[in-house]
2 protein chains.
Amino acid sequence: MERSRSRGGRGVSGRSGAASLHTGRMPHAPSRRPTILDVARVAGVSKSLVSLALRGGPGVSESARARITAAADQLGYRSNALARGLVQGRTMLLGVLLTDLANPYHTDVVAGVEEAAAEAGFGVLLAHGRRDAERLATQLGTLVELNVDGVVAISSWVDGDALRAAARRTPVVVVGRPEHPPEGVDTVANDDAAGAGQAVAHLLDLGHREIVFVTTSRRPAAQGRRRGYETAVRGAGLTPRVLAVEHADQLHAHAAPLVASGATALLANNDLTAVALLDAAHDLGVPVPGRLSVVGYDNSTVAALVRPRLTSVDQPRPELGRTAVRLLLERAVDGRTADRHEVLRPRLVPRTSTGPARP
Amino acid sequence: MERSRSRGGRGVSGRSGAASLHTGRMPHAPSRRPTILDVARVAGVSKSLVSLALRGGPGVSESARARITAAADQLGYRSNALARGLVQGRTMLLGVLLTDLANPYHTDVVAGVEEAAAEAGFGVLLAHGRRDAERLATQLGTLVELNVDGVVAISSWVDGDALRAAARRTPVVVVGRPEHPPEGVDTVANDDAAGAGQAVAHLLDLGHREIVFVTTSRRPAAQGRRRGYETAVRGAGLTPRVLAVEHADQLHAHAAPLVASGATALLANNDLTAVALLDAAHDLGVPVPGRLSVVGYDNSTVAALVRPRLTSVDQPRPELGRTAVRLLLERAVDGRTADRHEVLRPRLVPRTSTGPARP
DNA sequence: CCACGTACCTGGAACGTTCCAGAACCGACC
DNA sequence: GGTCGGTTCTGGAACGTTCCAGGTACGTGG
């Protein structure tokens, strides 16, 4: 058997008394967690064999395996991921850095990440940045300190230096379109320009000629959408018209002139902007889609809830997450070192906020 | 100085070659992470002093502290949370178990948890159960294995046995109303009955006498709301009327008879149900709130987006999270062992989906 | 000049696991 | 009966940190 290490040499207190492990009493005050050594003692084998058996390793007799699992169950043993990670140098965990938990876009990406991670035998831990750059950096640091085997950052907000530092320790993939992706970091994004192009094509098909791009953001995603819009409109021999404001709530004031100016279709940089436009039209008594068609971008949950249902561009969100994990594992497992930047194609979801241009 | 431990005695491979730590090359392929020993070597001090200095401990000379922080920066050193947690027996991390990331209710609770945890110097890790009981149990296990210092389970879905097992190792608080809260587990919930009572009072004030409770769920929260509704209605000398269906999309068919039967106000068990009712009314040409008032429950984001704006009962979501952390720390830090079950009071948010009963 | 206090620093032990080299056992074969 | 090969099992080392019981250096007062 094992040298019986003397315990509790350090402090004196020891949270809730030295209640014997085997009493099973006091479910309320967590007692000292049983370790592999406790299991070994109960099962009458060495710690090494317990470790091997519980991991399902080969070369363990049936009788030993049975005694060990019985002992583990009896004690309520759970292996300690900290110790395991420390000795193995990996945790089989992927970290996801979220900018904004409340954003369903992020949520769907997470679903893809979780699915792909589970397939590869990895667990997923989420860290939340709360739309705050400093906090994001802190959270990224926490993930790195926890030795996750890779990080998916769903955010274009994360500080470049923080990303670079993290990438020196563990593979990092950014989902979205960072302003300047640092070296050593992979990215996955949807093709904003192509998505806007599809929206324009849809409106052109419906006979619209006066299509205005309405944006409330200067971020790279909005820029890409705007470019795609401009390209598509010019491709049809028309002239791009862009309305850019700071906040969606300023749109109310702009809506009437917009309609008066002859616009028959609006392409918004995202769904929230589009909903604000629908609202303004409603208040002005402008029928949608009778007199005005509105297209959003992101196909968020509100798109299917508002009246009229919002035609919107759907990003392949779970697919973005799955791709991120693939990139991560290419680095972590296959040892790729060159940076990769993947772009996925979005898809237009027509609903009832778009209709034929008034003849 | 330190005995220079021979390294890499184990395997041969070693992911990306044994590139000297000090070259700073190859940002793409994460090299071996620098440890406290590397910092000690560079700074010319012992590992113990590095540890002390980086933790900001006392009794470190200014010169040593400066050399140490410089060395740590130069190497890009980050302490290893696994090792730290292992030796300290605590991680300064709280785990949050989420049933459904896409649910904004959960999200707001998380915000409260994060705030309170940060105040107490704890970090927060999220684990996501994806509305799947088995997965929730697994994720709960992961958190426990990671030795988080407490778990907030935002969910009434979690398996009782899994909760009980987790609670034997670390403090656990359930936010919501579990069917049977296991011994050893604290809970925080909002007072569903009181919330429904407030909604009824609001409708009575507006002169409504035919108020119907419409529900799409049999879960404890919906039951509590129903009870509150019934009590309040009876208290006003009226007779409760309840419409219970399985799914919100069945409401379309029920709406016309409901209105025909003389109902002038509907109280829904949650906002999604209420939105479905608004939709049905819209399709029937029943004006809201002119002919029918609708109240939701949860005050979710859609409530403020739909037309008309939905009157709804707001749960103190961040407060639920903060309370959960308080309960957690009472156990973890102050050593409380008796179970506690807290109930917080919700608040009605009147909007434009409710109005005076037709005279 | 020596004992002593103080400020600063150090090395070893410990945390709970995995990995590995080798020990113990056992039956079979020559 | 000894050797061999295989299966099953074991103990020590290692992971990277913190904690602690000391150690060293440097005044300072007697």
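All of these numbers come straight from a predicted model, not from anything done at the bench. So you know, we letter chains A, B, ... as the sequences are listed, proteins then strands, and number each from 1.
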Separation of atom CG in B:Leu82 from atom C1' in D:dG16, rounded to whole Å: 9 Å

Roughly how many Å is it from CZ in B:Arg67 to P in C:dC8, rounded to a whole number? 13 Å

D:dC15 P sits how many Å from B:Arg84 CZ, rounded? 19 Å

Length of the line joining B:Ile68:CD1 and C:dC8:P, which is rounded to integer Å: 13 Å

Nearest to side-chain heavy atoms of A:Ala64, which nucleotide of C:dT10, D:dC9, C:dT17: D:dC9

C:dC15 C1' sits how many Å from A:Asn80 CG, rounded? 9 Å

Checking side chain to side chain contact (heavy atoms under 4.5 Å, CB included) for the pair A:Arg130/B:Glu115: CA distance, chi angles, key distance, verdict? CA-CA 10 Å; A:Arg130 303 184 66 178; B:Glu115 191 182 304; 4.2 Å; yes

Of the non-hydrogen atoms in B:Ile68 and B:Val39, which two are nearest, and what is the gap between them? O-CG1, 3.9 Å

Quickly work out the A:Leu86 CG to D:dA13 P distance and round it to whole Å. 17 Å

Without decimals, in angstroms, what is the distance between B:Glu145 CD and C:dG16 C1'? 12 Å

Is there a donor on the side chain of B:Ser46 or the base of C:dG11 sitting less than 3.5 Å from an acceptor on the other? no

When you measure from the side-chain N and O atoms of A:Gln88 to the phosphate of C:dT17, is any distance below 4.0 Å, counting only OP1 and OP2? no

Is B:Ala81 touching bases, backbone alone, or none of the nucleic acid, heavy atoms closer than 4.0 Å? nothing

Of all the heavy-atom pairs spanning B:Ala40 and B:Val50, show the shortest one and how long it is. CA-CG2, 3.6 Å

Of the residues in residues 51-63 of chain B, which ones touch DNA chain D at a heavy-atom distance under 4.0 Å? B:Ser51, B:Arg55

Taking B:Arg131 for the side chain and B:Trp157 for the main chain, is one N or O donor matched with an acceptor at less than 3.5 Å? no

What one should report as the nearest heavy-atom pair of B:Leu163 and B:Val174 is CD1-CG2, 3.7 Å

Are the charged groups of A:Asp339 and A:Arg331 less than 4.0 angstrom apart, N to O? yes

More 5' along DNA chain C: B:Ala83 or B:Leu49, using each one's nearest nucleotide? B:Leu49

Is any side-chain N or O of B:Thr35 closer than 4.0 Å to OP1 or OP2 of D:dG16? no

When you measure from the side chain of B:Lys47, which nucleotide among D:dC15, C:dG12, D:dC9 comes out closest? C:dG12

Heavy-atom pair with the smallest gap, counting every atom of B:Ala324 and B:Val175: CB-CG2, 3.9 Å

Which nucleotide in D:dT18, C:dG11, C:dT17 has an atom nearest any side-chain atom of A:Ile36: C:dT17

Rounded off to whole Å, could you give me the CG-to-C1' distance for the B:Asn147 and C:dC15 pair? 10 Å

